[in-house]
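So that the names make sense, note that chain A is the first sequence line, chain B the second, and so on, each numbered from 1. Just so it is clear, the model here is predicted, and its values are computed rather than measured.
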Protein chains: 2
Amino acid sequence: MFSKRCEYGLRALTVIGEAGKEDRKVGIKEICNLAKTPESFTAKILQDLVRRNIIDSLKGPNGGFYFSKNLDDISIYDVVLAIDGEEIFTKCGLGLSECNAKKPCPFHNQFETVRSELFKVCSNNSLNELLEGFYKQVYNR
Amino acid sequence: MFSKRCEYGLRALTVIGEAGKEDRKVGIKEICNLAKTPESFTAKILQDLVRRNIIDSLKGPNGGFYFSKNLDDISIYDVVLAIDGEEIFTKCGLGLSECNAKKPCPFHNQFETVRSELFKVCSNNSLNELLEGFYKQVYNR
DNA sequence: CAAATATAGGACTAAAAAGTCTTTTATGCA
DNA sequence: TGCATAAAAGACTTTTTAGTCCTATATTTG
Ligand code: SF4
Ligand code: SF4
């Protein structure tokens with residue numbers, strides 16, 4: 001469904017978010033140890049998320065990755081969109097670029113339902129909710 | 001969502017199914033011309049579908065690919081399962097193999113909804129319905 | 001300012017998915 | 001029986017995704 005980049009990104013963000021609750025920046029090593037993601041690869045993903053203004057970073061001692069936005073204001077959708085793009089939310093299930101919504105095949109509306117359900121899940125849940133649920137579940141914290 | 005293999009496979013099957021209505025076997029060239037899929041690649045996919053008993057084939061003159069089953073008895077799900085496997089219908093959206101349904105995070109049930117919606121679309125529609133809808137739509141036949 | 005620390009950037013390698021090409025095997029028909 | 005036809009099989013190449021590693025740049029602190 002989502003790419004590895006996206007999965008790793010989301011997991012890394014939960015670690016950053018959790019640390020942020022104690023106003024702490026986190027380094028890539030700590031992030032990857034907890035999130036269980038490959039270090040260099042995750043670093044690239046996070047660099048990307050900095051560029052796309054999902055997170056911020058600071059170099060040097062006591063530096064690391066952190067959120068300057070409120071976690072409630074960043075949805076899963078925002079992250080997936082930033083990393084994987086909109087395709088998963090818009091692309092036809094049968095991969096047929098030729099046909100359009102004006103003259104849809106019977107599946108069009110049915111796939112639309114699936115896609116919009118996915119969109120709902122992703123956009124109705126913020127990173128804060130991901131933290132409360134996913135993070136605590138997975139890391140037992 | 002689905003792999004190229006899966007998309008091409010489904011498209012090719014519509015061509016084979018349509019020809020089957022006039023009791024005709026179809027060769028790979030005709031299939032790929034209509035379905036607009038790469039020939040050698042599609043051939044591999046169809047070989048696979050023969051092995052998995054979705055379709056049958058016959059070599060030699062007047063040979064080609066054909067269905068021996070009734071199109072009503074083959075669902076989109078059957079095809080996706082044969083080509084892409086069950087992952088898309090079962091895998092956690094966050095790619096976390098560690099956690100399970102017994103102690104689910106808040107997203108688990110939400111993703112479950114998406115997955116089961118996808119399953120419903122795929123299993124409630126047979127190749128026959130794909131033909132009636134998709135094929136006629138796309139090829140204007 | 002210098003040394004230590006941490007992210008950013010760039011150039012890689014590895015693995016998986018997508019796609020091609022050439023040879024072999026089975027079938028029908030003259 | 002032999003030739004034409006069409007799928008099957010196998011060995012490739014290409015592209016994309018995943019992942020690594022090394023160097024440069026920014027920041028803190030003594
Ligand atoms: S009409 Fe059918 S094939 Fe075309 S984009 Fe919609 S779902 Fe896909
Ligand atoms: S509990 Fe959450 S993270 Fe775990 S498998 Fe279910 S949806 Fe995925």
Within less than 4.0 Å of OP1 or OP2 of D:dG19, is there a side-chain N or O belonging to A:Arg5? no
A:Pro61 side chain: which of C:dA8, C:dG28, D:dT28 is closest? D:dT28
Any side-chain N or O of A:Arg51 less than 4.0 Å from the OP1 or OP2 oxygen of C:dG9? yes
For B:Ser57 and D:dA6, is the shortest distance between a side-chain N/O and OP1 or OP2 below 4.0 Å? no
Rounded to whole Å, the CZ-C1' distance (B:Phe2 to C:dA17) equals 17 Å
Can you check the B:Arg24 CZ to D:dA6 P distance for me, whole Å? 12 Å
Which word best sums up how the rings of B:Phe2 and B:Phe89 line up, parallel for under 30°, tilted for 30 to 60°, or perpendicular for over 60°? tilted
Tell me, yes or no, whether the heavy-atom count around B:Asn124 atom CG, taken from other residues, nucleotides or ligands under 6.0 Å, exceeds 12. yes
Mapping A:Ser3 and A:Ser40 to their closest nucleotides on DNA chain D, which lands nearer the 5' end? A:Ser3
Hydrophobic cluster identity match, A:Leu118 and B:Ile88, side-chain contacts under 4.5 Å: yes
Shortest side-chain distance from B:Phe41, nucleotide among D:dA8, D:dG19, C:dA18: C:dA18
Would you mind classifying the nucleic acid contact of B:Leu46 as base, sugar-phosphate or nothing, using non-hydrogen atoms under 4.0 angstrom? nothing
side-chain N/O A:Tyr8 vs D:dG19 OP1/OP2, d < 4.0 Å: yes
Whole angstrom value for the distance that separates P of C:dA18 from CG of B:Asp48: 13 Å
Give the rounded distance in Å between these two atoms: CD1 of B:Ile45 and P of C:dT20. 11 Å
Ignoring hydrogens and geometry, is there a side-chain-to-backbone donor-acceptor pair from B:Arg11 to B:Ala35 under 3.5 Å? yes
If you assign B:Asn62 and B:Glu39 each to the DNA chain C nucleotide with the nearest heavy atom, which residue ends up on the more 5' nucleotide? B:Glu39
Side-chain (A:Lys69) to main-chain (A:Asn53) donor-acceptor, under 3.5 angstrom: yes
Check every atom of C:dA4, C:dA26, D:dG19 against the side chain of A:Lys4 and return the nucleotide holding the closest atom. D:dG19
Spacing between A:Lys59 atom NZ and C:dA4 atom P, to the nearest angstrom: 19 Å
Can you tell me the distance, in whole Å, between the CZ atom of A:Phe65 and the P atom of C:dT5? 18 Å
Taking NZ from A:Lys29 and P from C:dT5, how many angstroms apart are they, rounded to a whole number? 10 Å
First of A:Gly64 and A:Lys44 reached from the 5' end of DNA chain C, by closest nucleotide: A:Gly64
How close or far is atom P of D:dA7 from atom CG of B:Leu49, stated in whole angstroms? 14 Å
The side chain of B:Pro38 lies closest to which of these nucleotides: D:dG19, C:dT20, C:dT7? C:dT20
